[in-house]
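First listed ligand is number 1; within each ligand, the first listed atom is number 1.
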Amino acid sequence: MKQKIIVTGGCGYIGSHTVVELIENNYEVVIFDDLSNSSSETIDRIEKITGIKPTFVEIDLKDELATNKAFKIHNDAKSVINFAAHKAVGESVQKPLMYYKNNLYSLINVLSAIEEQNIDGFIFSSSATVYGTPNSLPITEKNETQRPFSPYGNTKKMAEEILDDLIKSNKNLAAISLRYFNPIGAHESGLIGELPTGVPNNLMPYITQTAVGIREKLMVYGNDYPTKDGTPIRDYIHVVDLAKAHVLAVDRIVKKEQEEAFEIFNLGTGNGYSVLDVINSFEKVTNSKLNYEITGRRPGDVPQLFAAIDLAKEKLGWVAGKTLDEMISSSWSWEQKYRATHKS
Ligand code: UD1
């Protein structure tokens, strides 16, 4: 019999790619999503890719009663992967309470429901933002966390602290927090990908939207950083590689292979690429010129972030396989395919 996994935020960017990988690895998936930053069209697209339509529950996880009810119905789930959260850094600076409410109320409701229903596995969608400005590179999981620059980032740090306390108090519960570096790319089918609402904050969607003609020009935020070409360095990771790591984390929990009740893994490639590397790769892959201009620094950006990836390799048996060119060409295919049928 298939093992059931609940995926909150399963219609979103990383969530939808993870749902596809779970289904392809023979898990039964139930999606809980409020569609606040996604569309139910994604469910049909997941079905097109996998041949299986996941169960979908439209639910606001800030609503404690509704959350309890939904978890009660699906209390045979083996584990929960929690993607449901707001994620726009700039918006979180403008509306901190909206972020603390949404990201933390929903987390607490989900964790309470899991305890109540004796579901014993939880996987959390965290971020390298919890490392702040790192003191040493590459960043290992042992690097100290710092208060992130944005309320969004702080919800990730606080969520990990909540989880740490909870796991110490509940011997039946096991959790894994996955700290993503910079997820980009899209599924090879071109049917699912990143779809930011409004003006993108992140580099990759800004590049593809500029190339497709929705944005006029990419602003490169600073070329006076202490890096090889002066632009900041990040560890870009293909979303499908990232999704596969979630399946391995679920396997680890379901098979009770954890060495500690709360484990944390970095998910990156271990390679650092500058903003100009990304632009150059985009121009090479698409054989076109990108309209961009160097401008001033963006507040909160750090010069360099890239992951030490040994722990995920050793414990999860996971290594990211896709190259920067593959990431970029899949982002571009998705953008083009999506815009062919959707105007904006
Ligand atoms: C950002 C968030 C991080 C979050 C992650 C999600 C900040 C400070 N950090 O990471 O908390 O987890 O997104 O994916 O916002 N860039 C440009 N022009 C643009 C956009 C970006 O030059 O229009 C540059 C940035 O200066 C940066 C690099 O591209 O050097 C990557 O930026 P971005 O994609 O926004 O990711 P991060 O800032 O690393």
N/O donor to acceptor pairs below 3.5 angstrom from side-chain atoms of residues 151-158, sequence neighbours left out:
from	atom 1	to	atom 2	distance (Å)
Asn154	ND2	Tyr100	OH	3.1
Thr155	OG1	Asn103	ND2	3.1
Thr155	OG1	Tyr152	O	2.6
Lys156	NZ	Ser125	O	2.8
Lys157	NZ	Glu161	OE2	2.9

statement: Joining Ile, Leu, Val, Met, Phe, Trp and Tyr whenever any side-chain heavy atoms lie under 4.5 Å apart, the cluster holding Tyr221 also takes in Met219
Any protein N/O atoms within less than 3.5 Å of an N/O atom in ligand 1? List the atom names and distances, or say none.
from	atom 1	to	atom 2	distance (Å)
ligand 1	11 (O)	Thr129	OG1	3.3
ligand 1	12 (O)	Ser127	OG	3.0
ligand 1	12 (O)	Tyr152	OH	3.3
ligand 1	13 (O)	Asn202	ND2	2.9
ligand 1	18 (N)	Met219	O	2.7
ligand 1	22 (O)	Met219	O	3.4
ligand 1	22 (O)	Tyr221	N	2.9
ligand 1	26 (O)	Asp301	OD2	2.6
ligand 1	32 (O)	Arg298	NH2	3.4
ligand 1	34 (O)	Asn202	ND2	3.4
ligand 1	34 (O)	Leu203	N	2.8
ligand 1	35 (O)	Asn201	O	3.4
ligand 1	35 (O)	Asn202	ND2	3.0
ligand 1	35 (O)	Arg298	NH1	3.4
ligand 1	35 (O)	Arg298	NH2	2.9
ligand 1	36 (O)	Asn182	ND2	3.1
ligand 1	38 (O)	Arg298	NH2	2.8
ligand 1	39 (O)	Asn182	ND2	3.0
ligand 1	39 (O)	Arg234	NE	2.6

task: Show the numbers, then the answer: is there a ring pair (Phe, Tyr, Trp, His ring centres under 6.0 Å) between Phe83 and His246?
output: CA-CA 11 Å; Phe83 292 105; His246 290 74; 5.1 Å; yes
task: May I have all residue pairs that pass ring pair (Phe, Tyr, Trp, His ring centres under 6.0 Å) and include part of residues 265-306, sequence neighbours excluded?
output: Phe282-Trp332
message: Is it true that Asn223 and Thr231 share a donor-acceptor pair across their side chains at a distance under 3.5 Å?
response: no
- request: Flag the pair Lys4 and Asp76 as a salt bridge only when some basic side-chain nitrogen lies within less than 4.0 angstrom of an acidic carboxylate oxygen.
  value: yes
